[in-house]
Student: 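One structure coming up, written as C-alpha cells, with questions to follow.
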Amino acid sequence: MNNNDFKFFKELDIRWSDFDAIGHVNNVMYFEYFQIGRGFYFPSISKKWDWSKNMFVIAHIEADYKKELKPSAKSPKIGLRISQIGNKSFDLEYIITSKSSTNEDIIHCTGKSTQVMIDLKEKKSIEIPEWLRKDFENSNTNL
C-alpha cells in the first residue's frame, strides 16, 4: 500500500496532546485520525451523503504502525479509499503519511476498517443503498 493507491487525502492537524511521553503520536490517536478522515471522505465521494440519515457502525478496525509520527513531521495527512463492497458492509483502507526532508513520502501507519450500514430508527443492519454503492464504485478505480 502506498500513496498512489489513494485518491482522497486530508491534511492532519496534529495536536500537542496527541503525543505521548516517548515523544511520538500515541497509538490510540491513529484511530481518531481514521475517524477524522471518514468525516471528510464520505461527503467528498457522495453528494447525497447525509450524516443524519446515512450511518454505519464499525464492525472491525485495525492499524499497522510503520514509523513513528513526531512533532517535526512535515505535511502529515491521511488517505482513505473503499477497498471492498459487500451487501451490507464495506471496507475502508487508510494510510497516514508525511514528507521527508527530501520531499519523499513517509508511511507512518496503514489501517483497515469494516463498516456495516444500519437503519438509525430500527437499529439494524441494512443493505448498502444502490446510490451509495454507485458512489463508492465511482470513487475508486481499485474495485
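Because the structure is predicted, anything quoted here is derived from the model rather than measured. The basis for the numbers below is simple: all heavy atoms, side chains too, and nothing from hydrogens, waters or symmetry mates.
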Student: Once you round to the nearest 0.5 Å, how far does OG of S52 lie from CG of L120?
Tutor: 8.5 Å

Student: Are L12 and I96 close enough that some pair of their side-chain heavy atoms sits under 4.5 Å apart?
Tutor: yes

Student: Ion pair present between K70 and E68, side-chain N to carboxylate O less than 4.0 angstrom?
Tutor: yes

Student: Taking atom types as modelled, is there a side-chain donor on S98 or H108 under 3.5 Å from an acceptor on the other?
Tutor: yes

Student: Quick one: NZ on K77 to CZ on F8, what's the gap to the nearest 0.5 Å?
Tutor: 11.5 Å

Student: Mind listing the closest non-hydrogen atom pair of F31 and A63 along with its distance?
Tutor: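 Heavy atoms only, the tightest pair is CZ-CB, 3.8 Å.
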
Student: What distance separates I61 CD1 from Q35 CD, expressed to the nearest 0.5 Å?
Tutor: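 Result: 8.5 Å between the selected atoms.
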
Student: Supply the atom-to-atom distance N26 CG to E32 CD, rounded to the nearest 0.5 angstrom.
Tutor: 11.0 Å

Student: Does I22 belong to the same Ile/Leu/Val/Met/Phe/Trp/Tyr cluster as V28, with side-chain heavy atoms less than 4.5 Å apart forming each link?
Tutor: no

Student: Mind checking whether F19 and I14 have side chains closer than 4.5 Å, heavy atoms only?
Tutor: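 A side-chain contact under 4.5 Å exists here.
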
Student: Would H24 and L69 count as a side-chain contact (heavy atoms from CB on, under 4.5 Å) here? Give the steps.
Tutor: CA-CA 5 Å; H24 60 226; L69 185 55; 5.7 Å; no

Student: What's the verdict on side-chain contact (heavy atoms from CB on, under 4.5 Å) for Y30 and V25, showing C-alpha distance, side-chain angles and the deciding distance?
Tutor: CA-CA 8 Å; Y30 290 89; V25 169; 3.7 Å; yes

Student: Taking atom OG of S139 and atom NZ of K7, what is their separation to the nearest 0.5 Å?
Tutor: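 The distance works out to 7.0 Å.
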
Student: After noting the C-alpha distance and the side-chain angles of D135 and K48, does the key distance pass the salt bridge (Lys or Arg N to Asp or Glu O under 4.0 Å) rule?
Tutor: CA-CA 9 Å; D135 288 346; K48 294 181 181 179; over 6 Å; no

Student: Identify every side-chain donor-acceptor pair in residues 36-45 under 3.5 Å, counting partners at least two apart or on other chains, and give the distances.
Tutor:
{"residue": "R38", "atom": "NH1", "partner": "Y94", "partner atom": "OH", "Å": "2.8"}
{"residue": "Y41", "atom": "OH", "partner": "I82", "partner atom": "N", "Å": "3.4"}
{"residue": "S44", "atom": "OG", "partner": "Y41", "partner atom": "O", "Å": "2.6"}

Student: Could you tell me the separation between the CG atom of N54 and the CH2 atom of W131, rounded to the nearest 0.5 Å?
Tutor: 4.0 Å

Student: Begin with the C-alpha distance, continue with both residues' side-chain angles, and end with the deciding distance and a verdict on side-chain contact (heavy atoms from CB on, under 4.5 Å) for I118 and K124.
Tutor: CA-CA 5 Å; I118 61 166; K124 65 178 187 175; over 6 Å; no

Student: Does atom CG (D50) have a neighbourhood of more than 12 heavy atoms from anything else shown, all under 6.0 Å?
Tutor: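 Above 12, so yes.
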
Student: Indicate yes or no: at least one non-hydrogen side-chain atom of I107 is less than 4.5 angstrom from one of I95.
Tutor: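 They are in side-chain contact.
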
Student: Assess the residue pair F9 and L80 against the criterion (side-chain contact (heavy atoms from CB on, under 4.5 Å)); give the C-alpha distance rounded to whole Å, side-chain angles, the decisive distance to 0.1 Å, and a yes or no.
Tutor: CA-CA 7 Å; F9 284 93; L80 285 86; over 6 Å; no

Student: Contact between Q115 and I58 at the side-chain level, heavy atoms closer than 4.5 Å - yes or no?
Tutor: yes

Student: Compare every heavy atom of L132 with every heavy atom of W49, then report the nearest pair and how far apart it is.
Tutor: CZ3-CD2, 3.5 Å

Student: Would you say that R133 contacts I85 through its side chain, given a criterion of any heavy-atom pair below 4.5 Å between the two side chains?
Tutor: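 Yes, side chains in contact.
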
Student: Are D91 and S83 close enough that a side-chain donor and a side-chain acceptor fall under 3.5 Å?
Tutor: no

Student: Taking the inter-plane angle between the rings of F90 and F136 on a 0 to 90° scale, is it parallel (under 30°), tilted (30 to 60°) or perpendicular (over 60°)?
Tutor: tilted

Student: Other residues, nucleotides and ligands only: do more than 12 of their heavy atoms fall within 6.0 Å of NZ on K10?
Tutor: yes

Student: Is it the case that more than 12 heavy atoms not belonging to K99 sit under 6.0 Å from its NZ atom?
Tutor: yes

Student: Looking at side-chain heavy atoms only, is the closest gap between P129 and M117 below 4.5 Å?
Tutor: yes

Student: Take a 6.0 Å sphere around NZ of K74 and say whether it holds more than 12 heavy atoms from other residues, nucleotides or ligands.
Tutor: yes

Student: Hey, are the side chains of L92 and F34 touching, using non-hydrogen atoms and a 4.5 Å cut-off?
Tutor: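 No. Closest side-chain heavy atoms not under 4.5 Å.
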
Student: Restricting to non-hydrogen atoms, name the atom on S89 and the atom on T114 that form the minimum distance, rounded to 0.1 Å.
Tutor: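 Closest pair (atom of S89, atom of T114, distance): CB-CG2, 4.2 Å.
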
Student: One thing to verify: whether R81 and E93 come together as a salt bridge, which I'm taking to mean a side-chain N less than 4.0 angstrom from a carboxylate O.
Tutor: yes

Student: Quick one: are K67 and I106 in side-chain contact, heavy atoms under 4.5 Å?
Tutor: yes

